[in-house]
Novice: 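Can you read through this structure? Questions will come right after.
Proteins get letters first, then strands, A, B, ... in listed order; numbering begins at 1 in each.
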Amino acid sequence: MVTGFSIALIVFSLLLMLLVLMHKGKGGGLSDMFGGGMQSSVGGSSVAERNLDRITVIIGLLWFACVVGLGLVLKFQK
Amino acid sequence: MLTAFARAFRTPDLRKKLLFTLGILVLFRLGATIPIPGVDYANVNQCIKEAGGNGGLFGMINMFSGGALLQLTIFALGIMPYITASIILQLLTVVIPRLEALKKEGQAGTTKITQYTRYLTLALAILQGTGLVATAQSGTLFRTCQVGNQIIPDTSIFRTAVMVITMTAGTVMIMWLGELITDRGIGNGMSILMFTSIAAGFPGSLWAIKQSGKILGGWGEFFGVIIVGLAIVCLVVFVEQAQRRVPVQYAKRMIGRRSYGGTSTYIPLKVNQAGVIPVIFASSLLYIPALIVQFSGNTTSGWAQWISTNLTKGDHPVYLALYFLLIVFFAFFYVAISFNPEEVADNMKKYGGFIPGIRAGRPTAEYLGYVLNRITWPGSLYLGLIALVPTVAIALFNGSQNFPFGGTSILIIVGVGLETVKQIESQLQQRNYEGFLR
C-alpha cells in the first residue's frame, strides 16, 4: 500500500515537473519581479498551450491526492 | 479610494483577473500547510513551539516561504529556488557573452533566458530539498529540540528520495502557479507569491508580540509595533515614488504630410532605481557561508566557529556592516546593469531628442551617467538603512530577530504592493480615469 502510493507519487511528481517545464516561461526574471521593466502582456495562448494547461491541472490534482493519500496511510499505519 | 476598489470589482475582466489571482493564492497557502508524507507532524509542531518561531539560521528563508519551511510542507522551499536561479542568471549575464547576446536580442532572447531560469530552478530545488531533508533527518534543523531527530521517523533511502522528489515537484508547482498569475492574473506572479508568504507570517508574529508584551497586557506593544510599522511603510512609499525628471525636448519633424515629435517629455530617474533587488541579493549572499558550515558538518574548526558567531546572527555588528555594504554595492551594480546611459543617449539621438543645454550623443550619455550616479548614492544608503534600522532597534530593545516588520520584508511588501496597484490602475484607466493614486 505504502510502496504503491510512493511509486505513484514519484511518477506523478516527475510528470508534473516535465509538464511544467514544457510550458513557455512567462515573465522575465528579476527585473520584472520587483519593478523596473515595463510590462508587455502578450495575450492569447495557443491551443497546444491550453491543452498542456489542462493536462497539467489534472496531473497536479492527482499529485496532490497522492500526497494526501500517502500522508494518511503513513499516519494510520502506526 | 474605496470607490476605486468597488469599480475594480465591477469591471468584468478585471474582476475575473483579481478572483483568479486570489484563487491561486488560496491554493498556494493550502499547499503550504500540508506536510510531506513521512514527516511526523506532531513532533514538528512541538519543535516549532519550543523554538518559539525563531529558526535561527533558517529564519530568513522561513520568512520567505511563509513558515512552510520549518513545517516541512510540500511547498517548503517556496519560491526561494526560483529567486536564487534568477539571481544567478542575472549575474551570469554580465559574465557570459552568450547570455548577454541573448539579452540584447529582445523578446525571444528573454524567453530563452527565462527557460534557463526554469531549468536551473529545478536543479536548485533538488539540491535544497535534499539539504533540507538531510538536516531534518539528522536533527540539526531544530538543535534545541529533544524530539528533533524524530521528525522523520523512517530514514531509508527510498523514503528520503520520495520526500525530495515531492518537495521538488512542489517547488515546480509553485513556479507554475506564479506564471499563471503573471499570465492571467494581476501583477507579477512570483513577487505576489512572495508577498503572500511574507504577509502570512504577520498575524502570528504580531500575536506573539502581544503575548510576550507587558504594557496593558501586551496591547501597548501590539499597537506600538503596528504604528511604527505604518510609519516605516509611509517613509518607504515616499522614497519609492521619488524620481528625478530629466527633461527631454524632441525636435519637430515632418515626414510626408504628418508632423512628428515637437514634444517635451522627461526621463524619470528613480531615487531607488534598483528596487528591493539589492536587499534580496545581499541577504541571499550572506546566507551562503552559514549554509556551507551547516553542510560541512564540522562546527569546531576555526573558520566555521568564526562564521557561526559572526554571520548567522542578524544582530551581530559584523553581519550588519557586511549587509549594509553589500546592499550599497548591489544597488550600484544593479543600476549599472539595468540602465545604460549610452543606449538611452543613442536612442534619443536617433529620434531627434536632446536634453536642453547638453549636446546629443556622448555628452548626453555622460550627463545621464553623472545624474544617475549622484541619485543612486542617497538611494543605496536609504536601502541599506531601511534594511538595517528595524534590526538595530530590535537588538536595542532585546526582541527576537524575526520581527514581523523587518526591513527586508517591508521593502518587499511595499515594492510589490505598489507595483501591483499600479498595474490594476492601468487596467482601470482603460475604462475610467480616476484611479487609486492621484
Novice: So which residues of residues 158-165 of chain B are in contact with chain A at a heavy-atom cut-off of under 4.5 Å?
Specialist: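 Residues in range: B:Phe158, B:Arg159, B:Val162, B:Ile165.
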Novice: Under a 4.5 Å cutoff for heavy-atom pairs, which residue among A:Val20, A:Leu72, A:Leu19, A:Val68 has the most contacts with chain B?
Specialist: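 Top count of heavy-atom pairs under 4.5 Å with chain B: A:Val20.
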Novice: Hey, does B:Met167 have a side-chain heavy atom less than 4.5 Å from the side chain of B:Thr130?
Specialist: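 Heavy-atom side-chain distance check fails, nothing below 4.5 Å.
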Novice: Are the side chains of B:Tyr116 and B:Leu99 in touch, meaning some heavy atoms are under 4.5 Å apart?
Specialist: yes
Novice: Chain A heavy atoms under 4.5 Å from B:Leu30: which part of the residue, side chain, backbone, both or neither?
Specialist: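 Contact with chain A involves the side chain of B:Leu30 alone.
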Novice: Taking the side chain as C-beta and beyond, is there a heavy-atom pair between B:Leu14 and B:Ile186 under 4.5 Å?
Specialist: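 In short, these two side chains touch, coming nearer than 4.5 Å.
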Novice: Show the nearest heavy-atom pair for residues B:Gly187 and B:Ile192, with the distance to one decimal.
Specialist: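 Residues B:Gly187 and B:Ile192, closest heavy atoms: CA-CD1, 4.2 Å.
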Novice: Any idea which of B:Ala169, B:Gly170, B:Gly31 has the most non-hydrogen atom pairs under 4.5 angstrom with chain A?
Specialist: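 Top count of heavy-atom pairs under 4.5 Å with chain A: B:Ala169.
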Novice: Show your reasoning for whether salt bridge (Lys or Arg N to Asp or Glu O under 4.0 Å) applies to B:Arg118 and B:Glu179.
Specialist: CA-CA 11 Å; B:Arg118 292 153 57 90; B:Glu179 280 162 7; 2.4 Å; yes
Novice: Which region of B:Thr168, side chain (C-beta onward) or backbone (N, CA, C, O), has a non-hydrogen atom less than 4.5 Å from a non-hydrogen atom of chain A, or is it both or neither?
Specialist: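 Both parts, backbone and side chain.
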Novice: Check whether B:Thr21 reaches the backbone of B:Ile181 with its side chain - one donor and one acceptor, N or O, closer than 3.5 Å.
Specialist: no
Novice: Rounded to the nearest 0.5 Å, how far does CG of A:Leu15 lie from CG of A:Leu62?
Specialist: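 Between A:Leu62 CG and A:Leu15 CG, I get 9.5 Å after rounding to 0.5 Å.
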Novice: Is any side-chain heavy atom of B:Leu269 closer than 4.5 Å to a side-chain heavy atom of B:Phe339?
Specialist: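 They are in side-chain contact.
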Novice: Would you call B:Ile83 and B:Met194 a side-chain contact if the rule is heavy atoms closer than 4.5 Å?
Specialist: yes
Novice: Go through A:Val67, A:Leu21, A:Leu16, A:Leu70 and name the one with the most non-hydrogen pairs under 4.5 angstrom from chain B.
Specialist: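 Of the candidates given, the most pairs with chain B belong to A:Leu21.
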Novice: Quick check on the structure: residues of residues 5-12 of chain A within a heavy-atom distance below 4.5 Å of chain B, by number.
Specialist: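 A:Ser6, A:Ile7, A:Leu9, A:Ile10 fall under the 4.5 Å cut-off.
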Novice: Any non-hydrogen side-chain atom of B:Gln273 less than 4.5 Å from a side-chain atom of B:Gln243?
Specialist: no
Novice: Between A:Trp63 and B:Thr166, is any pair of side-chain heavy atoms under 4.5 Å apart?
Specialist: yes
Novice: Compare all side-chain heavy atoms of B:Phe281 with those of B:Ile87 and state whether any distance is below 4.5 angstrom.
Specialist: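 Side chain of B:Phe281 against side chain of B:Ile87, heavy atoms only: contact under 4.5 Å found.
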